[in-house]
Undergrad: 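Mind looking over this structure? Questions follow.
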Amino acid sequence: EGISYREFEGAIRTVMDYYMGLRRNQKGMELALEKLNFILTYASRIKAKDYHELLRTHEGLFMHKACVLTTLTCLQRKESGRGVYKRTDFSDLDPEMNRPLVIWQEEGQFRFSWGA
C-alpha cells in the first residue's frame, strides 16, 4: 500500500510548474510552499518494491527539499531581472539586491542572510 515515487515527484512538478514558472508573485510562491509542505506529509507513504525505486524515492525527497529552498530564496529576492523568471509584484531590478543570498540550516530551519 502507498504511493509511487512517480506520483510523489509528479505532485511536486505540478506545484512548481503552476506556481513557480516564468511569471510568479508573492502569493503564488506562498501557496507553492503550502502545497509542497502538504505533499511532504505523503513522504512516509511512498512505496518501493526494489532498490531502484528506493533510490528514486530518495531522489524525490531531495527534489522536494530543493524546490522548497528555491521557493524560499525566490521569496527573499524582491525584484525581477536577475534570474530567468519575472516577479509580477516586483517588476524592476533593485540595486540593493545585487549581492549574494547566504542560506544555511539551523535547528531544522532554513536561515537567510544577505552578503556584502
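Only a predicted model underlies this, so the values are computations on that prediction, with no experimental measurement involved. All values below were derived from every heavy atom in this structure, side-chain atoms included, with hydrogens, water molecules and symmetry-related copies excluded.
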Undergrad: To the nearest 0.5 Å, what is the distance between CZ (Phe8) and CG (Leu40)?
TA: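 Nearest 0.5 Å value for the CZ-CG distance: 5.5 Å.
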Undergrad: Mark yes or no for whether Ser80, through its side chain, and Arg87, through its backbone, hold a donor-acceptor pair below 3.5 Å.
TA: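 Looks like yes, one N/O pair under 3.5 Å.
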Undergrad: With rounding to the nearest 0.5 angstrom, report the OG1 to CD distance, Thr14 to Glu9.
TA: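 Taking OG1 in Thr14 and CD in Glu9, the distance rounds to 11.5 Å.
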Undergrad: How far apart are the closest heavy atoms of Trp104 and Phe112, and which atoms are they?
TA: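 Of all heavy-atom pairs spanning Trp104 and Phe112, the closest is CZ3-C, 3.9 Å.
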Undergrad: So does Phe38 have more than 12 non-hydrogen atoms from other groups sitting under 6.0 Å from CZ?
TA: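 It does not: Phe38 CZ has 12 such atoms or fewer within range.
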Undergrad: Side-chain contact test, heavy atoms from C-beta onward, threshold under 4.5 Å: evaluate it for Asp94 versus Arg77 and give yes or no.
TA: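 No - every pair of side-chain heavy atoms lies 4.5 Å or more apart.
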Undergrad: Nearest 0.5 Å please: distance from the CZ atom of Arg24 over to the CG atom of Asp89.
TA: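 Result: 11.0 Å between the selected atoms.
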Undergrad: Step by step, work out the side chain to side chain contact (heavy atoms under 4.5 Å, CB included) result for Tyr5 and Leu55.
TA: CA-CA 10 Å; Tyr5 71 87; Leu55 173 70; over 6 Å; no
Undergrad: Quick one, Glu7 with Ile46, criterion side chain to side chain contact (heavy atoms under 4.5 Å, CB included). Give me CA distance, side-chain angles, the key distance, then yes/no.
TA: CA-CA 9 Å; Glu7 292 172 295; Ile46 303 171; over 6 Å; no
Undergrad: What verdict does the side chain to side chain contact (heavy atoms under 4.5 Å, CB included) test give for Trp114 and Val102, after you've listed the backbone C-alpha separation in whole Å, the side-chain angles of each residue and the deciding distance to 0.1 Å?
TA: CA-CA 6 Å; Trp114 289 97; Val102 180; over 6 Å; no
Undergrad: Is Phe90 linked to Met20 within one hydrophobic cluster, defined over Ile, Leu, Val, Met, Phe, Trp and Tyr using a side-chain heavy-atom separation of less than 4.5 Å?
TA: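 No, it is not one cluster - the side chains of Phe90 and Met20 are not joined through contacts under 4.5 Å.
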Undergrad: Glu96 and Arg99: which non-hydrogen atoms are nearest, and at how many Å?
TA: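 Closest heavy-atom pair between Glu96 and Arg99: O-NE, 2.7 Å.
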Undergrad: Take atom NZ of Lys78 as the centre, draw a 6.0 Å sphere, and report whether it contains more than 12 heavy atoms from other residues, nucleotides or ligands.
TA: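 Yes - once you tally the heavy atoms of other residues, nucleotides and ligands closer than 6.0 Å, there are more than 12.
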Undergrad: Look at the side-chain heavy atoms of Ile, Leu, Val, Met, Phe, Trp and Tyr, link any pair under 4.5 Å apart, and say whether Leu101 and Leu93 land in one connected group.
TA: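 No, separate clusters.
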Undergrad: Following the transitive rule for hydrophobic clusters with a side-chain heavy-atom cut-off under 4.5 Å over Ile, Leu, Val, Met, Phe, Trp and Tyr, establish whether Val68 and Met16 coincide in one cluster.
TA: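 Yes, because Val68 and Met16 connect within a single hydrophobic cluster, where side-chain heavy atoms sit under 4.5 Å apart.
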Undergrad: Hydrophobic clusters here meaning ILVMFWY residues chained together by side-chain heavy-atom distances under 4.5 Å, can you tell me if Ile39 and Leu61 are in one?
TA: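 Linked, Ile39 and Leu61 end up in one cluster.
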Undergrad: Shortest non-hydrogen contact from Arg82 to Met97?
TA: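 Looks like NE-O, 3.8 Å.
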Undergrad: Using atom types as modelled and distance alone, determine if a side-chain donor or acceptor of Thr73 lies under 3.5 Å from a backbone N or O of Thr70.
TA: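 Confirmed, Thr73 side chain pairs with Thr70 backbone.
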Undergrad: Quick check on Phe110: does its CZ atom have over 12 non-hydrogen neighbours (other residues, nucleotides or ligands) under 6.0 Å away?
TA: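 Above 12, so yes.
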Undergrad: Just verifying a value: how many Å separate Leu75 CG and Asn25 CG, rounded to the nearest 0.5 Å?
TA: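 One gets 10.0 Å once the value is rounded to the nearest 0.5 Å.
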Undergrad: Apply side chain to side chain contact (heavy atoms under 4.5 Å, CB included) to residues Met63 and Arg13 and explain how you reach the verdict.
TA: CA-CA 9 Å; Met63 182 174 108; Arg13 285 189 181 94; 4.1 Å; yes
Undergrad: Is it the case that atom CZ in Arg23 sees more than 12 heavy atoms from other parts of the structure closer than 6.0 Å?
TA: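 No.
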Undergrad: For a quick test of reading the model, state the closest non-hydrogen atom pair linking Met29 to Cys74 and the distance between them.
TA: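 It is SD-CB, 3.6 Å.
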Undergrad: Assigning hydrophobic clusters by single linkage (Ile, Leu, Val, Met, Phe, Trp, Tyr; side-chain heavy-atom cutoff under 4.5 Å), is Leu33 placed with Ile12?
TA: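 Yes: a chain of side-chain contacts under 4.5 Å links Leu33 to Ile12.
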Undergrad: For atom NZ of Lys86, decide whether the heavy atoms of other residues, nucleotides or ligands shown that lie under 6.0 angstrom number more than 12.
TA: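 Yes, NZ of Lys86 has more than 12 neighbouring heavy atoms, counting only those of other groups under 6.0 Å.
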Undergrad: What distance do Leu69 atom CG and His64 atom NE2 have between them, rounded to the nearest 0.5 Å?
TA: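 Spacing of CG (Leu69) from NE2 (His64) equals 10.5 Å.
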Undergrad: Inspect the contact between Arg56 and Glu59 and indicate whether a charged nitrogen and a carboxylate oxygen are less than 4.0 angstrom apart.
TA: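 Yes, Glu59 and Arg56 are salt-bridged.
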